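Here's the structure, in structure tokens; my notes come after.
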Amino acid sequence: MRIGLNLPHYGSLTSPEAVTEVSRAAETLGYDSLWTGDRLLSPLVPSDPYPGGDGTMPAEMATYLDPLTALTFAAAGTSRIRLGTSTLNAPWYNPVLLARTLTTLDVLSRGRLEVGLGLGWMRDEYTATGVPWRGRGARLDEILDVLEAVWGAEVVRHEGARFRVPDSRIEPKPAQRPRPPLLLAGLRPEATTRIARRADGWLAVGLPLPYLRSLWDKIRTEAEAYGRDPAALRMVQRLNPRLTAAPADPARVPATGTLEQVAAYAKEAAADEVFIDLTLTVTRQDEMLELAARFLELMRAG
């Protein structure tokens, strides 16, 4: 199992120094990957409840750096650790510009990018970006078509319902060929079908284990029905707990609990890769790195 760590690119620790120092420390500790998420704004009167807890978006999310810029900053100070997004909300972005930015990060990091895309959950962010909320799934499908064309074709062309690319050469191509690993998020049937049909893996979250396993089995079964090898798909799971000193009710893990409880859950979930986001717990960088070191030890222990 690969083990990852969320970059301090949102919340109280957000700073150039934190991004640089935590990314270098994570690589030195032996982490496999660094991850960022995508949050655009914190509405005063939200259009939608936060998908967790009591529905209130965590206050830490009011401060948020651009995820790809933060990863590029981290890439400059590291050499081995992989760099992923979980989750970049693809419909907000023009696909040709997005392809260029992702390619740039993959080239500058010498092929360390993991492209994780999703739809997000808040209509206010779609309003702010001028993108329709309705039809966002179909929009994501067309964005994926454009990304694959830009990354793979010598002469790029696309004629779609939302985007048009005239016959063009678009260089450079990503360092990873035929493209960087493509991971998709989602829980709804149309999302899991999209993962099964065209992704390299699933961006999962901290779900109850029976539900997590049932969704993963569904994705793998659908992938096989599409003529794909289900064993080639990866599950990458994000955990963002509020850690406690005393053990929590097991039913509330991994949303909350001790670090030991969260690590035990992650081992039982048995994803191909798990990464922990400590932003909802820590307020100091030394505290973050101490917990990160302990989590890695727990996960690597037999």
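Keep in mind that the numbers below use all heavy atoms, side chains included, and drop hydrogens, waters and symmetry copies. Note that the structure is a prediction, hence the values are computed from the model and not measured.
- At a threshold of 4.5 Å between non-hydrogen side-chain atoms, the residues I219 and L233 count as touching.
- Rounding to the nearest 0.5 Å places CG of L113 at 8.5 Å from OG1 of T103.
- Under the side chain to side chain donor-acceptor pair (under 3.5 Å) rule, Y93 has a single partner from T101, D38, T129, which is D38.
- The shortest distance between side-chain heavy atoms of V155 and R169 falls below 4.5 Å.
- Heavy atoms from other residues, nucleotides or ligands lying under 6.0 Å from CZ of R300 number more than 12.
- For T104 (side chain) and L102 (main-chain N/O), no donor-acceptor pair under 3.5 Å exists by modelled atom type.
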Exercise for review: Could you please spell out the steps behind the side chain to side chain contact (heavy atoms under 4.5 Å, CB included) verdict for I276 and I3?
Suggested key: CA-CA 8 Å; I276 190 166; I3 314 297; over 6 Å; no
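- Contact record, R24 with G77: CG-O, 3.2 Å, taken as the closest heavy-atom pair.
- Closest of all the heavy-atom pairs between P95 and I143 is CB-CG2, 4.0 Å.
- Contact between M122 and S47 at its shortest, heavy atoms only, is CG-OG, 3.8 Å.
- In this structure, the side chains of N240 and N6 stay at 4.5 Å or more apart for every pair of heavy atoms.
- Atom OG1 of T87 is separated from atom CZ of R39 by 10.0 Å, given to the nearest 0.5 angstrom.
- For the atom pair CG of D66 and NE2 of H9, the computed distance is 8.5 Å after rounding to the nearest 0.5 Å.
- Considering only heavy atoms from C-beta on, P241 stays 4.5 Å or farther from Q261 through its side chain.
- Panel note: side chain T221, backbone K218; no donor-acceptor pair is recorded below 3.5 Å.
- Although no hydrogens or angles enter the test, the distance criterion places a donor-acceptor pair under 3.5 Å between the side chain of T85 and the main chain of G116.
- What you find for V107 and P172 is that their closest heavy atoms are CG2-CG, 4.3 Å.
- D32 is not listed as a side-chain neighbour of I81, based on a closest heavy-atom distance of 4.5 Å or more.
- Contact detail for A248 and G257: the closest heavy-atom pair is CB-CA, 3.7 Å.
- Under the 4.5 Å side-chain criterion, counting only non-hydrogen atoms from C-beta, V156 is not in contact with D167.
- The structure places CG of L147 at 11.0 Å from CD of E142, a figure rounded to the nearest 0.5 Å.
- Contact detail for A199 and R228: the closest heavy-atom pair is O-NH2, 2.7 Å.
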Practice item. Give the C-alpha distance, both sets of side-chain angles, the deciding distance and a yes or no for side chain to side chain contact (heavy atoms under 4.5 Å, CB included) between M288 and L13. Key: CA-CA 9 Å; M288 179 181 184; L13 292 184; 3.9 Å; yes
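- In this structure, H158 has its ring center at least 6.0 angstrom away from the ring center of F163.
- Of the charged side-chain nitrogens involved, none lies within less than 4.0 Å of a carboxylate oxygen, so that E154 and K173 do not count as a salt-bridged pair.
- A distance of 10.0 Å separates CG in L40 from CG in D124, rounded to the nearest 0.5 Å.
- The number of heavy atoms from other shown groups lying within 6.0 Å of CZ (R134) does not exceed 12.
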Review point. Can V115 and W151 be said to form a side chain to side chain contact (heavy atoms under 4.5 Å, CB included), step by step?
Key: CA-CA 13 Å; V115 178; W151 287 337; 4.2 Å; yes
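- Contact annotation: the side chain of L144 approaches that of L117 to within less than 4.5 Å [non-hydrogen atoms, C-beta and beyond].
- S109 places no side-chain N or O within donor-acceptor distance of the main-chain N or O of A75, the cut-off being under 3.5 Å.
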Exercise for review: Evaluate the side chain to side chain contact (heavy atoms under 4.5 Å, CB included) criterion for residues L278 and L5: first the C-alpha distance (whole Å), next the side-chain angles of each, then the deciding distance (0.1 Å), finally the verdict.
Suggested key: CA-CA 8 Å; L278 296 166; L5 182 67; 4.2 Å; yes
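- Residue pairs meeting the side chain to side chain donor-acceptor pair (under 3.5 Å) criterion with at least one partner in residues 111-121, sequence neighbours excluded, are T78-R112, R82-E114, E114-R234.
- Salt-bridge check for R194 with E190: failed, with every basic side-chain N at 4.0 Å or more from each acidic carboxylate O.
- Annotation for R80: atom CZ counts as buried by contact number, over 12 foreign heavy atoms lying within 6.0 Å.
- For R252, the CZ atom counts as loosely surrounded, since its 6.0 Å shell holds 12 or fewer non-hydrogen atoms of other residues, nucleotides or ligands.
- Expressed to the nearest 0.5 Å, how far OG1 of T20 lies from CG of L7 amounts to 9.5 Å.
- Inter-residue side-chain proximity for L41 and Y64 is flagged as unmet; no heavy-atom pair is nearer than 4.5 Å.
- Of the possible donor and acceptor atoms, one in the side chain of D106 sits under 3.5 Å from a partner among the backbone N and O of A175.
- Within the 3.5 Å criterion, the main-chain N or O of P91 finds no donor-acceptor partner in the side chain of R136.
- Residues E60 and T279 have side chains that never bring a donor and an acceptor to within less than 3.5 angstrom of each other.
- In summary, R179 and D200 engage in a salt bridge, as defined by a charged side-chain N under 4.0 Å from a carboxylate O.
- Checked for salt-bridge contact, R2 and D272 miss the test: no charged N lies under 4.0 Å from a carboxylate O.
- Within the 3.5 Å criterion, the main-chain N or O of R220 finds no donor-acceptor partner in the side chain of E224.
- A salt bridge links R198 with D145: the closest approach of a Lys/Arg side-chain nitrogen to an acidic carboxylate oxygen falls below 4.0 angstrom.
- Between the side chains of Q237 and E273, not a single donor N or O lies within less than 3.5 Å of an accepting N or O.
- A salt bridge links D141 with R197; the closest basic N to acidic carboxylate O contact falls under 4.0 Å.
- Other residues sharing the hydrophobic cluster of L203, ordered by chain and number and joined by side-chain separations under 4.5 Å: W35, L183, V236, F275.
- A search for salt bridge (Lys or Arg N to Asp or Glu O under 4.0 Å) contacts involving E260 returns R294, not counting sequence neighbours.
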